[in-house]
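Have a look at the structure below, then the notes.
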There are 2 protein chains.
Amino acid sequence: MVIICARNPFSIRTVTMKTEVPTIQDVARVAGVSTATVSRALSYPERVSEKARRQVLEAVERTGYVVNEAARNLRQQRANAIGVIAPDLSNPFFSSIIAGIEQIAGPNGFGMLVTESSMTGQGAFDHASLLAAARVDGFVVLDGQIDLGRLRNRVTSLSQVPVVSACEYPEDLPAPSVTVDNTGGAEKAVRHLADLGHTKIGHITGPRGNILTTTRLQGFRAGLNSIGLPVREDFILPGDFNLEAGKLAAEIWRTMDDRPTAMFCASDQQAFGFISQLSRQGFRVPEDVSVIGFDDIEVSGFFVPALTTISQPRLELGRMSARMLLDRINGESHREGLHPQLDVTLVVRDSTAAPRPE
Amino acid sequence: MVIICARNPFSIRTVTMKTEVPTIQDVARVAGVSTATVSRALSYPERVSEKARRQVLEAVERTGYVVNEAARNLRQQRANAIGVIAPDLSNPFFSSIIAGIEQIAGPNGFGMLVTESSMTGQGAFDHASLLAAARVDGFVVLDGQIDLGRLRNRVTSLSQVPVVSACEYPEDLPAPSVTVDNTGGAEKAVRHLADLGHTKIGHITGPRGNILTTTRLQGFRAGLNSIGLPVREDFILPGDFNLEAGKLAAEIWRTMDDRPTAMFCASDQQAFGFISQLSRQGFRVPEDVSVIGFDDIEVSGFFVPALTTISQPRLELGRMSARMLLDRINGESHREGLHPQLDVTLVVRDSTAAPRPE
DNA sequence: AGCCTATATGTAAACGATTGCACCGCTGTT
DNA sequence: AACAGCGGTGCAATCGTTTACATATAGGCT
């Protein structure tokens, strides 16, 4: 490989030994054109002559030039990157959405900066506003619990900053969001259980205050209503989305003297925790109790028993939110009130069955 | 909040309505000092007078100034960011490592750019070298399968570019790496099974060519040897780390006329797939066959049965590799040959038991 | 008093790209 | 022959920092 780089040819930094990286100047010199032409040849090929384009391309090849993003970003007042704020990076549910975001961002020349909102106490928000000042062009927010007050104080009018929330969303956030039909999903779950013949259907909720918790609970009630089943408040157990919460709920279920014969869990993880603890106590799923989850994470199909659940298009959730964000960044402003909702589907596997005859 | 920003006070871009963001010039004006002093007051507080520092800090407060990273990066020839190359973002195993990296990078003022190496075919490598030119100061590589030839062609001498590989590592990569004791882990697994009384112990490997596959297989053999058990080649089934591979292996196990009574799986996910498929066929774990995994991902403790496995410190793996990378970036060059190896521990749960008496 | 040092500040030159503007030559029209 | 229009190109300003260097001021020493 030939390295052509006349600028400062004798500089040898003895410590780092960093090889000088070619600049647009070097390319221009080799190609025998001005830097303006080089820049144009690369960004708007159709605006330079055939000949110039060839020369530039060859010079790029020979020098091994690659654009310095920092310089470009400074000049263009653009970061060519988006920020992702997730509540919990190690949660497989979120990582799949993040993968979806990357699938769109990457090929469009955008980097993806990932932060965890739980970070450092006050956390992501200093991050976020700090980032907003030059590192990213916008955010995808995956955390519905986020403290908006803080952000508002920093960023004068939030609605100006390109933000798209995905999955969970703060209700009062004046930004587009992409979600799934949580209410409808919960209704489908209930209906499925009822179709199997269950009349005593319970629910383990998500964490208090979370929007997903609210909508799924709402769907749960609506589902029961629509098929004429009474809502038994004592069958609604408070929980969280994680494994531990399912375990805790199992302990409560065990102590009930009138037990539901089927449980709708607010997440797959929760369902795993529930089933796991029950099995340990000698109960069997679905023989003793049917269990249905929500999310359809990858492992669900391989759980024992394979989990019946409401499947969310997580990858598509990420892809769509990234697309919307990129659109906003590029000025193709959707109306603020854009809130697409993706459909969810019932996936029947082995954790649900007809109730044991009395 | 007071916005002080004299530069171009009448500019109102009607389309975007972007609020002008204050620069260091604005701060300097308000504080009544030069930009140099502002810069110094923020970066080296001890090098300016008490008075100047106070004035600058107050001006920063009033203007809401936050440094423009693009400009800083350009000037300093530094990106203040690290790149992470992962083979599969939605895999919970990797996401935990990524979380660990972020825990170190974030607080140190480094952004974390995440890319998936499977991306776009040729993929991460154009990404990677492109990034190397200005977006990141170094990489943590989580993908051992990576095509080094490509990278080499781009980056003249790879050893100059700060790279740390974590978990998996290409054997010929002249870069520090942080791994876990895979061989030792495999030995522990085998020993545990032997201690329970198993003599017919099998293994489902990872994907061909992967370094983890090799070292774990090696440990498996070594373990058998050290306790005087023969290595039955027909008990070694080829696989992959994912769920599907476990399922496939289960089918093979079923057709064997002389079956191992215990299986050491190359990953937890694989173990899930194996157990899941077996259960579906009416076999029981650990009664019919003991199963031990490798990784100890979060859900393992809640599987049915709870999975006995070799636990890796995934978060620490990420944290340590991030620390090493940051050190290298800051010039505190470790020797090239630094390859710390973290310990793994056996976690005994319910998927292993003594073999059924003949 | 004179000189030297140390400390605190300001001035201005980078960093490497993009892009508004001016210019040049050519073609086609009047 | 004059001129408008246009595609292609180069010049040079600009983005917002950091930092080498110059300068100023104060204080300590002989």
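Lettering follows sequence order; numbering is per chain, from 1.
Nearest-nucleotide assignment on DNA chain D puts the 5′-proximal partner with T35(A), out of I24(B) and T35(A). Toward the 5′ end of DNA chain C lies the nearest nucleotide of G32(B), the other residue of the pair Q76(B) and G32(B) mapping further downstream.
Expressed to the nearest 0.5 Å, how far CD1 of I82(B) lies from CG of L326(B) amounts to 6.0 Å.
The side chain of Q77(A) places an N or O atom within less than 4.0 Å of a non-bridging phosphate oxygen (OP1 or OP2) of dG16(D). OP1 and OP2 of dG16(C) both lie 4.0 Å or more from every side-chain N or O belonging to T23(A).
Two residues are said to be in side-chain contact when any heavy atoms from C-beta on lie closer than 4.5 Å; V84(B) and I101(B) meet this criterion. Looking at heavy atoms from C-beta onward, I97(A) lies in side-chain contact with L142(A) at the 4.5 angstrom threshold. V164(A) places a side-chain heavy atom less than 4.5 Å from the side chain of V178(A). Counting only heavy atoms from C-beta outward, the side chains of Y65(B) and D26(B) never approach each other to under 4.5 Å. In this structure the side chain of R319(A) reaches within 4.5 angstrom of the side chain of R323(A), judged on heavy atoms. Side-chain contact between L325(A) and F110(A): absent, with no pair of heavy atoms (C-beta onward) separated by less than 4.5 Å.
Between the side chain of R75(A) and the base of dG16(D) there is no donor-acceptor pair of N/O atoms closer than 3.5 Å.
Closest to the L74(B) side chain, of the nucleotides dA17(C), dC15(C), dA20(D), is dC15(C). The listed nucleotides are dT19(D), dT18(D), dT18(C); the one nearest the side chain of A36(B) is dT19(D). When distances run from any side-chain atom of S39(B) to the nucleotides dA17(C), dT18(D), dG10(D), the shortest one goes to dT18(D). You'll find that the side chain of T37(A) is closest to dG10(D), out of dT18(C), dG10(D), dT17(D).
Distance CZ (R40(A)) to P (dC21(C)): 13 Å, rounded to an integer number of Å. Separating the CG atom of N80(A) from the C1' atom of dA17(C) is a distance of 12 Å, rounded to the nearest angstrom. Note: CZ (R29(B)) to P (dG16(D)) measures 12 Å, nearest angstrom. For the pair D26(A) CG and dC15(C) P, the interatomic distance rounds to 11 Å; values are reported in whole Å. Rounded to whole Å, the distance from CG on N73(A) to C1' on dC15(D) is 11 Å. In this entry the distance linking CD of Q25(A) with C1' of dA12(D) reads 12 Å, nearest Å. Protein atom CG of N68(B) is 13 Å distant from nucleotide atom C1' of dC15(C), rounded to whole Å.
In the helix from dA1(C)-dT30(D) to dT30(C)-dA1(D), the rotation axis of the first five pairs and that of the last five pairs differ in direction by 60°, rounded to 10 degrees.
Remark: Y44(B) in residues 41-60 of chain B come within less than 4.0 Å of DNA chain D through at least one heavy atom.
The number of heavy atoms from other shown groups lying within 6.0 Å of CZ (R78(B)) is above 12.
Here the shortest heavy-atom pairing between P107(B) and E102(B) reads CD-O, 3.7 Å.
Judged by distance alone, the side chain of S39(A) and the main-chain N or O of T35(A) form no donor-acceptor pair under 3.5 Å.
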